[in-house]
Amino acid sequence: MSTLKPAVNNDDHIEGSLSAPVEIVEFGDYQCPYCRQAYPIIKDIQVLFEGQIKFIFRNFPLAELHQYAFLAAQSAEAAALQGKFWEMHDAIYENQARLSDDLFLELAGGLGLDLEKFKQDVASAEVKEKVEGDFESGVRSGVNGTPSFYVNGEKFDGGAIDLRNMLNESAE
Amino acid sequence: MLEKGAKAPNFELNATPDQRVSLADFKGKNVILAFYPADWSPVCSDQMALYNETMKFFSKYNAQVIGISVDSVWCHLAFSQNRNLHFPLLADFEPKGEVSKAFGVYDELVGESKRALFVIDKEGNIAWSYLSPTAINPGADGILDALEQLEKD
């Protein structure tokens, strides 16, 4: 069974209580339609199991397949440097149908980011390394497609709906 | 299925309508042979698309990835262009499944290759092999672990 390498750490974006007993990591691609489908289900899980789960997102852009996947990941990481990772993560998925080179700046504007800093950060080596580092961690962890989920460090064999069902069952 | 320590049988198959590729062409390089059932699986979790993205990790270990299925060269060509693949797909098409059979990974019942991975070292010996359930994309972590181990040996 594949395990998460490296374990969740300070470089990760974590939503939810740090002390929550269930840790869910998603490896996702912002242009992947299956990740888009998973997005509202994850939101649902976060509401249903508030306080019991924490959610972590790592970048796994299939850049050869999806034209905007890498730029989207860079944009979310650049927003993170202004404290708005999750806002950008959500905004990109909600606008997946109209991905373009210009969309990210528009979304950054909508989130009230410093646009000059945002542009610099998107193009920075630091942000590129973060995205590539996430990707490599996915490869090492046995990610075989997007989205791939890990629950408490173990690869979860299924999609977001399976994940919700599993959590529902274990809560009964 | 051939396993670690066996000599990899040589083969020569078409990669494109006018280009043939043989295992011997890669002597001095590690080779990753990925047998898979068919082109055109309709998901982003496509195994060949994944290896396309992980080629840079493979090349750190001087390894070339090659996909093999029983699809024809024309099918491979269209699939490869559609997915923007940067490595060869070989057509185990005529006689059908001959190379898959030589490696012990042909599914007679459905007439397709099984989903199987081989890491072959620079001398042409099998260093690692793995048979995956047909429906499950095995990812790239096992391949990388095997290549890493080869470097240590």
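A, B, ... follow the sequence lines: proteins, then strands. Residue 1 opens every chain. The structure presented is a predicted model; accordingly, all values stated were derived computationally and were not measured.
- Surrounding CD1 of Ile161(A) are at most 12 heavy atoms belonging to other residues, nucleotides or ligands under 6.0 Å away.
- Applying the 6.0 Å contact sphere to CD of Glu50(A) captures no more than 12 heavy atoms from other residues, nucleotides or ligands.
- Residue Lys27(B) qualifies as open at atom NZ: its count of foreign heavy atoms under 6.0 Å is 12 or below.
- Taking both residues in full, the closest heavy atoms of Val143(A) and Leu50(B) are given as O-CD2, 3.7 Å, listed atom of the first, atom of the second, then distance.
- Counting heavy-atom neighbours within 6.0 Å of Lys101(B) NZ, excluding the residue itself, gives a total above 12.
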Which is it for Arg140(A) and Asp145(B) under the salt bridge (Lys or Arg N to Asp or Glu O under 4.0 Å) test, yes or no, and what are the steps along the way?
CA-CA 9 Å; Arg140(A) 290 289 180 177; Asp145(B) 290 346; 3.8 Å; yes
**Request:** Evaluate side chain to side chain contact (heavy atoms under 4.5 Å, CB included) for Arg83(B) paired with Glu64(A), printing each intermediate quantity in order.
**Result:** CA-CA 7 Å; Arg83(B) 302 289 158 100; Glu64(A) 295 287 343; over 6 Å; no
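- Transitive grouping of hydrophobic side chains (ILVMFWY, heavy atoms separated by less than 4.5 Å) brings Leu89(B) and Phe58(B) into a common cluster.
- Residues Leu113(A) and Leu103(A) share a single hydrophobic cluster, defined by chaining ILVMFWY side chains whose heavy atoms lie under 4.5 Å apart.
- Atoms CG and CG, from Asn84(B) and Leu62(A) in turn, are 12.0 Å apart once rounded to the nearest 0.5 Å.
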Ignoring hydrogens and angles, write down the donor-acceptor pairs under 3.5 Å from the side chains of residues 119-127 of chain A, residues two or more places apart or on other chains.
from      : atom 1 : to        : atom 2 : distance (Å)
Asp121(A) : OD2    : Lys117(A) : NZ     : 2.9
Ser124(A) : OG     : Asp121(A) : O      : 2.8
Ser124(A) : OG     : Val127(A) : N      : 3.2

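- Cluster annotation: Leu117(B) is not connected to Tyr106(B) through the hydrophobic network of ILVMFWY side chains, with a link wherever side-chain heavy atoms come within less than 4.5 Å.
- When heavy atoms are compared at a cutoff of 4.5 Å, Ser141(A) approaches chain B solely by way of its backbone atoms N, CA, C and O.
- Taken together through direct or relayed side-chain contacts under 4.5 Å among Ile, Leu, Val, Met, Phe, Trp and Tyr, Val22(A) and Ile41(A) form part of one hydrophobic cluster.
- When all heavy atoms are compared, the tightest approach of Ser2(A) to Asp141(B) is OG-OD2, 3.4 Å.
- Leu65(A) and Ala49(B) make their closest contact through CD2-CB, 4.2 Å (heavy atoms, listed as atom of the first residue, atom of the second, distance).
- At a 4.5 Å heavy-atom cutoff, Pro147(A) makes no contact with chain B through either its backbone or its side chain.
- For a heavy-atom cut-off of 4.5 Å, chain B lies close to Phe135(A), Glu136(A) in residues 131-138 of chain A.
- When hydrophobic clusters are built by joining Ile, Leu, Val, Met, Phe, Trp and Tyr residues whose side-chain heavy atoms come closer than 4.5 Å, directly or via intermediates, Tyr36(B) is not grouped with Ile66(B).
- Considering all non-hydrogen atoms of both residues, Val139(A) and Leu144(B) come closest at CG1-CD1, 3.3 Å.
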